[in-house]
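Chain A is the first sequence line, chain B the second, and so forth, proteins listed ahead of strands; every chain is numbered from 1.
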Amino acid sequence: MSSDAFQPLQGMADLAAPEISRWQHIESEARRLLALYGFSEVRTPVLERADLFMRSLGDDTDVVQKEMYMFEDRGGRQLALRPEGTAGVMRYVASQGQDAQDARLYYVGPMFRSERPQAGRKRQFHQLGVEAIGAANPAADAEVIALHLHLLRAWGLEQCRVHLNTRGLPADRIAVQQGIRDLLAPNRENLCADCQRRLDGNVLRVLDCKNPDCQRLIAGLPAPSTFMSAEARAYFDEVVRLLNGLDLKVEVRPNLVRGLDYYIHTVWEITHPALGAQDAIAGGGRYLLNLGSRTVEGAGFAIGLERAVVALEQERPSQQAERLPLVWIIAQGERANEEGLRLVQSLRWRGVAAQMDMGRRSMKAQFRAADRARASHVVIRGEAEVEKGTFLLKNLSTGVQEELEMPELMARLTAPH
RNA sequence: GUGGCCGUAGCUCAGUUGGCAGAGCGUCAGGUUGUGGCCCUGAAUGUCGCGGGUUCGAGUCCCGUCGGUCACCCCA
């Protein structure tokens with residue numbers, strides 16, 4: 001098995017065939033669709049100043065406090081491997097000034113969080129994220145949610161569920177926290193240990209606690225949005241109305257909590273049954289980031305690609321590959337081998353996928369290799385053919401074999417098949 | 001970060017009270033002097049994750065460690 005020397009670090013993985021084709025498909029399909037919606041890609045650095053994340057995600061969030069890979073560089077600067085994509089993109093957007101006021105951007109790439117790995121959770125993981133910059137507007141939120149669902153659908157994920165909620169504006173958030181805290185405080189003793197801790201910190205987390213005792217207490221509480229301003233509630237109602245008008249199935253979950261500080265108004269989470277307890281495959285929301293002298297507002301989402309792959313593997317199990325348009329050259333003898341090498345190269349120049357076994361193995365072994373590679377055709381060039389100046393072309397699906405001369409062979413192989 | 005389970009051939013896994021390292025699949029070769037898939041025969045392949053300890057003797061027991069997995073916490 002693998003010795004330590006060959007193992008990646010905990011929570012990090014090598015991605016290669018055969019799963020890599022799943023990843024490539026996901027990415028190419030996403031690029032196609034995002035172009036349809038007018039989004040363009042942005043690639044920001046993996047390494048950023050740590051304070052970018054502290055300011056935008058929130059100083060006391062777990063992501064920043066416990067999970068960020070941080071270190072000091074030679075100049076004494078505090079750096080961090082990005083734990084998520086939005087902050088870096090917003091830093092870029094802020095740097096562009098007015099030119100980026102209505103930017104539509106997306107990113108794909110690795111993110112890093114130092115957590116214990118679990119189903120669909122890695123320490124180096126990958127997200128595809130979308131950011132639609134622009135001022136608060138229910139229609140803009142609805143459009144981004146529509147894109148989010150369209151994308152998951154395009155990948156082949158049918159079993160996703162969208163949970164929707166509102167966080168209101170920053171002022172609403174304070175009112176909600178205070179309101180919930182006041183209602184829960186008398187029952188402090190009846191909450192689980194985690195929730196007693198949450199009561200003093202992130203109160204909203206009590207709302208999605210899995211402990212049955214806490215659940216009972218929570219069930220008796222009014223929806224958090226009752227503590228919000230009329231303006232925030234009207235905004236959310238409008239988002240829901242627009243989504244219904246788009247025929248998108250979403251479920252409003254008044255107790256849905258999104259952890260990062262930068263969220264305002266609409267937030268959502270998409271779950272998939274293949275993921276086990278950690279069933280969120282994607283999350284999104286409207287956000288407002290304060291980047292020193294500039295603030296940036298927009299709506300966006302991020303999809304965990306490891307989780308999407310897990311879900312896809314369950315919904316669309318990968319199947320035995322069909323035969324590929326691939327020509328396999330089988331040569332026997334010194335001269336045929338050399339000619340085979342020229343033939344394989346000449347086919348590739350013409351845009352035809354071609355391979356040959358350079359190992360000078362038996363014809364049987366070369367046939368097996370061609371079959372294993374799922375080649376559609378083999379070209380046989382042995383001593384007899386060298387003498388006659390011909391090639392045998394065999395179709396591996398039908399088993400039909402013909403003897404051809406070079407011009408005819410080339411014509412057949414370069415014709416679309 | 002906390003806790004449970006797991007780690008033996010490329011893969012999936014068996015391995016009895018501690019007593020010679022195993023199977024299936026895959027790979028390779030032969031059966032077929034030049035033809036894949038199906039079939040038959042044979043062969044190769046091991047740091048039993050790693051390091052200590054106990055023992056005449058450890059894949060097996062103990063400790064540590066690395067990795068995987070699941071749940072919690074948190075999040076995508």
Side-chain angles (χ1 to χ4, degrees), chain A residues 1-13 57-58 60-68 83-86 110-123 125-129 148 152 192-195 197-198 201-202 205 208-211 257-260 268-272 275-285 300-311 320 323 328 330-333 336 357 359 361-386 392-401:
Chain A
M1 257 292 256
S2 38
S3 73
D4 289 356
F6 303 141
Q7 275 176 345
L9 292 170
Q10 182 179 36
M12 316 231 165
L57 310 193
D60 52 1
T61 56
D62 278 20
V63 169
V64 166
Q65 289 239 314
K66 306 201 304 203
E67 299 168 4
M68 219 156 58
E84 58 96 60
T86 299
M111 310 291 162
F112 302 83
R113 290 182 202 174
S114 178
E115 307 174 273
R116 286 288 282 274
Q118 216 169 306
R121 170 193 284 185
K122 294 281 182 203
R123 288 184 166 185
F125 61 104
H126 298 79
Q127 283 187 340
L128 183 148
H148 198 169
L152 295 168
C192 70
D194 278 331
C195 283
R197 175 176 54 76
R198 288 167 177 141
N202 192 353
R205 277 288 164 211
D208 60 2
C209 180
K210 290 170 186 165
N211 183 300
V257 183
R258 303 276 306 154
L260 307 181
W268 65 94
E269 203 165 271
I270 297 187
T271 63
H272 192 281
L275 273 296
Q278 307 300 319
D279 62 353
I281 196 174
F301 60 81
I303 305 176
L305 295 186
E306 276 78 3
R307 296 181 181 190
V309 167
V310 168
Q320 171 74 329
R323 292 211 178 266
W328 199 277
I330 292 179
Q332 286 275 279
D357 192 330
R361 300 192 300 157
S362 73
M363 191 163 280
K364 185 193 184 94
Q366 293 186 58
F367 257 99
R368 260 206 303 272
D371 189 53
R372 207 176 321 125
R374 310 308 296 158
S376 55
H377 294 82
V378 296
V379 170
I380 304 160
R381 178 76 157 166
E383 281 156 20
E385 289 76 23
V386 169
L392 296 179
L393 174 63
K394 180 168 184 175
N395 181 320
L396 282 184
S397 339
T398 63
V400 173
Q401 184 167 303

Listed partners of A/Asp279 passing side-chain hydrogen bond (donor to acceptor under 3.5 Å, both in side chains), at least two apart: none
Touch class at under 4.0 angstrom, heavy-atom based, for A/Asp62 against every strand present: sugar-phosphate
Sugar-phosphate only, base, or nothing, as touched by A/Ala365 at under 4.0 Å among non-hydrogen atoms: sugar-phosphate
Nearest-Å distance once atom P is located in both B/C28 and B/A21: 29 Å
Sugar-phosphate only, base, or nothing, as touched by A/Ala277 at under 4.0 Å among non-hydrogen atoms: sugar-phosphate
Any A/Lys210 side-chain nitrogen or oxygen under 4.0 Å from OP1 or OP2 of B/C72: yes
Nucleotide-level pairing of RNA chain B, given in dot-bracket where Watson-Crick and G-U pairs need both distances under 3.5 Å and | marks other strands: (((((((..((((.....[..)))).(((((.......))))).....(((((..]....))))))))))))....
Residues that A/Arg116 engages under salt bridge (charged side-chain N to carboxylate O under 4.0 Å, His left out), provided they are two or more places apart: none
All salt bridge (charged side-chain N to carboxylate O under 4.0 Å, His left out) counterparts of A/Glu269, not counting sequence neighbours: A/Arg258
A/Arg197 and A/Asp194: CA distance, side-chain angles, deciding distance, salt bridge (charged side-chain N to carboxylate O under 4.0 Å, His left out) verdict: CA-CA 5 Å; A/Arg197 175 176 54 76; A/Asp194 278 331; 3.3 Å; yes
Sugar-phosphate, base or nothing in reach of A/Glu383, heavy atoms under 4.0 Å: base
Touch class at under 4.0 angstrom, heavy-atom based, for A/Gln10 against every strand present: sugar-phosphate
Proximal nucleotide (of B/C72, B/U35, B/C74) relative to the A/Val63 side chain: B/C74
Could you go through nucleotides 25-27 of chain B and list every protein N or O atom that sits under 3.5 Å from one of its N or O atoms, giving the distance for each pair?
{"unit_1": "B/U27", "atom_1": "OP1", "unit_2": "A/Arg372", "atom_2": "NE", "d": "3.3"}

By salt bridge (charged side-chain N to carboxylate O under 4.0 Å, His left out) - contacts of A/Lys66 (at least two apart): A/Asp62
Sugar-phosphate only, base, or nothing, as touched by A/Gln278 at under 4.0 Å among non-hydrogen atoms: base
Sugar-phosphate, base or nothing in reach of A/Arg258, heavy atoms under 4.0 Å: sugar-phosphate
Pairwise C1' distance for B/U41 and B/G4, with rounding to whole Å: 47 Å
Distance below 4.0 Å between A/Lys122 side-chain N/O and B/U69 OP1 or OP2: yes
Touch class at under 4.0 angstrom, heavy-atom based, for A/Ile330 against every strand present: nothing
P gap between B/U12 and B/G68, integer Å: 15 Å
Sugar-phosphate, base or nothing in reach of A/Ala384, heavy atoms under 4.0 Å: base
Nearest listed nucleotide, side chain of A/Arg116, among B/G1, B/C73, B/A76: B/G1
Sugar-phosphate, base or nothing in reach of A/Gly333, heavy atoms under 4.0 Å: nothing
